[in-house]
Each structure stands twice: as structure tokens, then as C-alpha cells.
**Q** 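Just passing along the structure, written as C-alpha cells.
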Amino acid sequence: MKNKTMFYCTACGNELPKWAGQCPACKAWNTIVEQPAESKRRPANSPAGGQRTGVSRPRPIAEVECTTELRFETGMRELDRVLGGGAVQGSLVLVGGAPGIGKSTLMLQICDNLCRFAKVLYVSGEESERQIKLRADRLHVRGEGLYLQAETNLEEVVESVRELNPDVLIVDSIQTLYNGDLSTAPGSIGQVKDCTMALMQLAKGQGVTVFVIGHVNKEGSIAGPKVLEHMVDCVLYFEGEQQNSYRILRAAKNRFGATNEIGVFEMGDSGLREVPNPSEMLLSGRPQDTPGTCVTCVMEGVRPVLAEVQALLAPTSFNVPRRTANGFDFNRTNLLLAVLEKRGGLMVSSCDAYINVIGGLFLDEPAADLAMVIAMASSFRDKPVPGDLAAIGEVGLTGELRSVNALGQRLSEVHRLGFTKCLVPARSGGKVDVPDGLQLIKVRNIREALAALL
Ligand code: TYD
Ligand code: MG
């Protein structure tokens with residue numbers, strides 16, 4: 001068969017049959033690179049030339065045997081939570097994050113527990129064996145059952161796995177791994193895809209659980225575009241700001257569990273420490289008696305978590321006011337500003353509005369609406385919201401407040417962190433247990449909410 005050549009855009013992953021100066025999909029210039037269309041390795045069960053191997057045949061679903069997936073705990077409860085209750089044997093987990101955020105540290109730290117019951121192979125193309133050993137010592141990682149290999153050649157890694165037969169394989173990072181059969185450089189899209197495919201075959205074929213580290217580039221996607229997400233079982237992103245020590249781990253995809261859980265860590269002198277109590281962390285350093293901030297409670301998976309939302313509204317000096325939203329949906333921000341103007345009677349359309357959610361959380365739950373509206377109004381009127389007050393509720397287009405789910409759990413979290421008042425929708429569905437010492441302020445719409453507070 002003729003070895004056909006394909007071309008890829010390194011910016012967006014778009015495939016083209018011939019070279020072009022500009023990518024037709026993302027319009028980037030000089031990003032198209034050549035890539036052999038097929039590598040020597042074929043995906044399992046797909047023979048060349050269309051002959052059938054007899055391995056796979058359609059089967060009635062009733063005849064398919066299934067045992068529930070075998071899981072094991074990594075020993076990091078926050079990681080296990082995000083994975084949906086531990087790692088699934090024979091799965092491939094991609095751990096993405098910006099360089100220096102702590103991916104290698106996290107992986108090395110879980111080795112400490114994994115080594116107790118499993119054979120672990122840690123392959124690194126980024127650091128020497130000595131460097132990893134020094135770091136492992138500093139992180140107090142026990143050594144038995146942990147094997148290190150500094151290697152970047154895919155074939156060597158596959159061979160080592162065959163020889164050593166580990167239960168867990170950690171690859172740091174996918175961008176440094178390369179397949180010598182391809183002519184392109186390590187880290188290019190073709191290489192990254194091909195190597196991931198090979199690791200996937202190791203996972204499925206030999207039942208090795210594989211953790212793959214992938215650096216996220218400036219645009220926020222792994223290896224340029226999100227080329228790997230569809231191939232792997234689970235995609236975790238490790239996020240945080242370089243200037244503060246908190247890190248949030250979230251699942252973008254999980255074939256074996258939900259994707260709405262987050263894991264929270266703190267980076268310290270001796271590595272990552274789990275933060276079982278994220279609310280406290282997210283509220284630390286909260287300004288007192290300052291306009292433009294309000295606390296709410298969102299559900300991250302099954303956990304209620306308190307979050308601080310901030311708004312800065314200032315008269316605009318542009319024809320069209322500037323608006324930015326960080327940690328909150330941009331369209332929802334505009335919608336809430338419009339509701340605030342039309343139903344709350346505040347002339348916010350002549351204001352620039354800057355929205356921020358503290359601590360790297362992204363609030364995609366409508367329950368955060370009320371707190372956002374209050375933060376906006378507080379900034380607009382330059383009046384602070386009482387420091388011991390939290391607000392929970394969805395805001396509708398007529399300015400009405402709608403009830404939210406799991407209100408009881410949210411209220412107990414609000415109470416646990418020392419808040420004494422909570423603004424809630426007047427008609428909250430079902431019977432709700434209100435903790436002693438927490439005063440509920442029930443409001444029907446945002447006008448009532450503003451009247452009660454500001
Ligand atoms: P690392 O795990 O190497 O990041 P990644 O693999 O995602 O690129 O983490 C590197 C950063 O973490 C580095 O800036 C130093 C910091 N760090 C600590 O603060 N404490 C520690 O115990 C360790 C191991 C790293
Ligand atoms: Mg690293």
C-alpha cells in the first residue's frame with residue numbers, strides 16, 4: 001500500500017490532504033505540518049486489507065459478560081474522588097495542566113501508596129532517574145515496588161512494560177515520548193496521538209493502568225488542540241494560579257464516573273497536601289466591609305462548597321461598556337446585568353462590569369446567580385454586603401428567585417463556616433432543615449433582595 005502523507009494543523013488539529021499556508025479551519029498561518037497518514041502499528045482488531053480476524057463479531061447484548069470494573073485506591077482521597085471512587089484497572093488517565101503546576105509531584109506522591117500493593121513503573125522523559133529519586137526522597141515516597149526509567153522512546157517503554165509487567169504505568173510526559181517510525185518531532189500532534197494510541201493498547205491489552213501527564217499550552221488545550229481527549233478513558237485537569245498554593249483537580253471526561261467532582265490540594269514544602277475542606281480555603285483572605293463581594297454555596301458533585309463572587313462596576317468611558325467574567329459564564333453575566341437593570345432598577349448598562357470568582361472555581365450552577373446579582377448591586381451602590389451573610393438562589397428573567405436543589409446541605413455548609421444569615425428564595429421546594437443559629441432571609445425577587453440588604 002502506498003504510504004500516503006497527510007497534513008495536520010498544529011494549532012487546531014485539523015487534517016488536510018495537502019499542504020496549505022493557512023489552516024482553513026482556524027485560519028492560523030504556517031501551522032500545517034506533514035505527517036505520515038498511518039504508522040506501522042494498527043489499532044487492535046483492525047487488520048490490513050479488510051480480512052477479518054474473527055476476533056470481533058456482533059453479539060447479542062445479553063450474551064456479553066460483564067463484571068463491574070475493578071478499582072483500586074490511589075491513596076489520595078481527592079484524586080480518587082475525581083476519578084469516581086479510585087482508578088479503574090486497565091484504564092488510561094490523562095493528567096493535564098500547565099507546566100510547573102504539580103503534575104509530576106502528584107503522580108510521584110500517589111506512588112507511595114500504590115507501591116504497597118502494586119508494581120509501578122514511572123517513565124520520565126523530563127527528568128533523570130537521579131532527579132526523580134531526589135524528589136521522591138523529599139516527598140517521603142517509599143521505594144519498594146517502584147521502578148524508574150528515564151526514557152523517551154515509545155518502543156523502549158512498551159518493551160519495558162512487557163518485561164516488567166507493572167500494574168501501573170506513569171508516563172511523564174506524553175510530549176516527550178516519541179515513536180521512531182514517524183518522521184516528526186516529539187510533541188507534535190501525530191506523535192502525541194500515536195504514542196497515546198500505543199499506551200491505550202497497553203492498558204487494554206495487558207490490563208496496565210496508565211497515567212499519562214500532558215502539558216497544557218497557552219491556549220489551554222493538551223498538545224495544541226484537544227486531540228487526545230476522545231481517545232482516553234479519563235481526562236483530568238490540574239489547575240491553579242502560580243502565585244497561590246491551591247490547586248484544583250477536575251475531570252473533563254470520565255468513562256467510569258461523573259465529571260462534576262473536584263479535588264482540592266495545597267502545594268507546600270513537602271509536596272501536595274489534600275484539602276478536605278475546600279470552603280475554608282476558598283474563603284480565606286476574604287475582604288471585610290468591602291463593596292462588590294458576596295458568598296454563595298455551590299454543589300461540586302456531592303459536596304457543598306462555599307465560593308466568593310466579586311464584581312466591579314464602574315461608569316464606562318467607552319461607547320460599549322467593557323465586560324469580563326472569570327469563573328462565571330459570560331452570557332449569564334450579561335443576562336444578570338440586564339435583569340438587574342430592568343427588574344432591579346439599577347442603571348448598570350452604563351457601567352463596565354468585571355466579574356471574578358475567587359480560587360479558580362468555575363460556577364456553572366444557577367444557584368450562584370443571586371450572590372452574583374448582589375455582588376454587582378453592592379459594587380454599583382458602593383455598599384458592602386454584611387460579612388456574615390451568604391446568598392443562594394437562581395434568578396429568573398423576570399427577576400424572580402427560584403429554588404435550588406440540595407438546599408439543606410448548602411445551608412449546613414454555610415452554617416458550619418460561621419455564617420449567621422442566608423438569603424434564600426421565598427418558595428424553596430420541599431422541607432428544609434435549617435441549622436440552629438442560621439437566620440433565613442426569604443425573598444421573592446431581586447428587588448426584595450436588594451431592599452433587604454443594600
Ligand atoms: P511539578 O510537579 O514538577 O510540576 P509539573 O510536573 O506539573 O510541571 O511541580 C513543580 C513546582 O512545584 C515547582 O515550581 C516547585 C513546586 N514544588 C513545591 O512547592 N513543593 C514540593 O514539594 C515540590 C515537589 C514541588
Ligand atoms: Mg513535571
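Residue numbers start at 1 and run along the sequence shown. Keep in mind it's a predicted model, so treat the numbers as computed, not measured. Ligands are counted one by one from 1 in listed order, and the atoms in each one are counted from 1 as well.
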**Q** How close does the nearest protein non-hydrogen atom get to atom 6 (O) of ligand 1, and which residue and atom is it?
**A**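 The protein heavy atom lying closest is S104 OG, 2.6 Å.
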**Q** Closer than 4.0 angstrom: is that true for some heavy atom of S173 and an atom of ligand 1?
**A**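 Contact absent.
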**Q** Mind checking whether R332 and D369 have side chains closer than 4.5 Å, heavy atoms only?
**A**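 Of all side-chain heavy-atom pairs linking D369 with R332, at least one is under 4.5 Å.
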**Q** Taking atom CZ as the centre, does R255 end up with more than 12 heavy-atom neighbours from other residues, nucleotides or ligands that are less than 6.0 angstrom away?
**A** yes
**Q** Provide, to 0.1 Å, the distance between atom 4 (O) of ligand 1 and the closest protein heavy atom, together with that atom's residue and name.
**A** G102 N, 3.1 Å
**Q** Would you say G100 has any N or O atom under 3.5 Å from an N or O of ligand 1, going by distance alone?
**A** yes
**Q** If you count the atoms of ligand 1 from 1 in the order shown, which ones are under 4.0 Å from a heavy atom of G268?
**A** 18 (C), 19 (O), 20 (N), 21 (C), 22 (O)
**Q** With a 4.5 Å heavy-atom cut-off, do D112 and H140 have their side chains touching?
**A**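 No, their side chains stay 4.5 Å or more apart.
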**Q** Tell me which part of D269 gets within contact of ligand 1: side chain, backbone, both or neither, using heavy atoms under 4.0 Å.
**A**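 It is the backbone that gets close, since no side chain atom is under 4.0 Å.
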**Q** So, does R138 sit close enough to ligand 1 that a heavy atom of it is under 4.0 Å from the ligand?
**A**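 Checking ligand 1 against R138, which is what was asked, there is a heavy-atom contact under 4.0 Å.
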**Q** Just jot down the ligand 1 atoms closer than 4.0 angstrom to any heavy atom of R135, in number order.
**A** 1 (P), 2 (O), 3 (O)
**Q** Using a 4.0 Å heavy-atom threshold (strictly under), name the region of P99 that reaches ligand 1: side chain, backbone, both or neither.
**A**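 The answer is the backbone of P99.
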**Q** Would you say R286 has more than 12 foreign heavy atoms packed within less than 6.0 Å of its CZ?
**A**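 Atom CZ in R286 is packed in, count exceeds 12.
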**Q** Stepwise, does the side-chain contact (heavy atoms from CB on, under 4.5 Å) test hold for I170 with V168?
**A** CA-CA 7 Å; I170 296 171; V168 179; 4.2 Å; yes
**Q** Check K103 against ligand 1 and report side chain, backbone, both or neither, counting heavy atoms closer than 4.0 Å.
**A** both
**Q** Using a 6.0 Å cut-off, check whether atom CZ of R402 has over 12 heavy atoms from anything other than its own residue.
**A**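 Counting neighbours around CZ of R402, 12 or fewer heavy atoms of other residues, nucleotides or ligands fall under 6.0 Å, so no.
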**Q** Can you see whether E126 engages S104 through a side-chain donor-acceptor pair at a distance of less than 3.5 angstrom?
**A** no
**Q** Does any donor atom in the side chain of N405 or R410 lie under 3.5 Å from an acceptor atom in the other side chain?
**A** yes
**Q** Find all atoms of ligand 1 within a distance of less than 4.0 Å from any non-hydrogen atom belonging to G271, and give their numbers and elements.
**A**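 So the answer, numbered in order with elements, is 21 (C), 22 (O).
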**Q** Heavy-atom pairs closer than 4.0 Å: do any link ligand 1 to the side chain of S270, the backbone, both, or neither?
**A**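 Looking at S270 and ligand 1, just backbone atoms fall under 4.0 Å.
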**Q** If only side-chain N and O atoms count, and only distance matters, is there a donor-acceptor pair under 3.5 Å linking D80 with T74?
**A** yes
**Q** Count the heavy atoms of every other residue, nucleotide or ligand shown that sit under 6.0 Å from NZ of K133, and state whether that count exceeds 12.
**A**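 No, because the 6.0 Å sphere around NZ of K133 holds 12 heavy atoms or fewer from other groups.
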**Q** Quick one: look up the protein heavy atom nearest atom 2 (O) of ligand 1 and list residue, atom name and how far away it is.
**A** T105 OG1, 2.5 Å
**Q** Counting non-hydrogen protein atoms only, what is the nearest one to atom 12 (O) of ligand 1? Give residue, atom name and distance.
**A**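 Here the closest protein heavy atom is M267 CE, 3.3 Å.
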**Q** Distance check below 2.8 Å: does S173 bring an N, O or S atom to the Mg ion (ligand 2)?
**A**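 Checking S173: none of its N, O or S atoms is under 2.8 Å.
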**Q** Are any of the protein's heavy atoms under 4.0 angstrom from atom 18 (C) of ligand 1, yes or no?
**A** yes
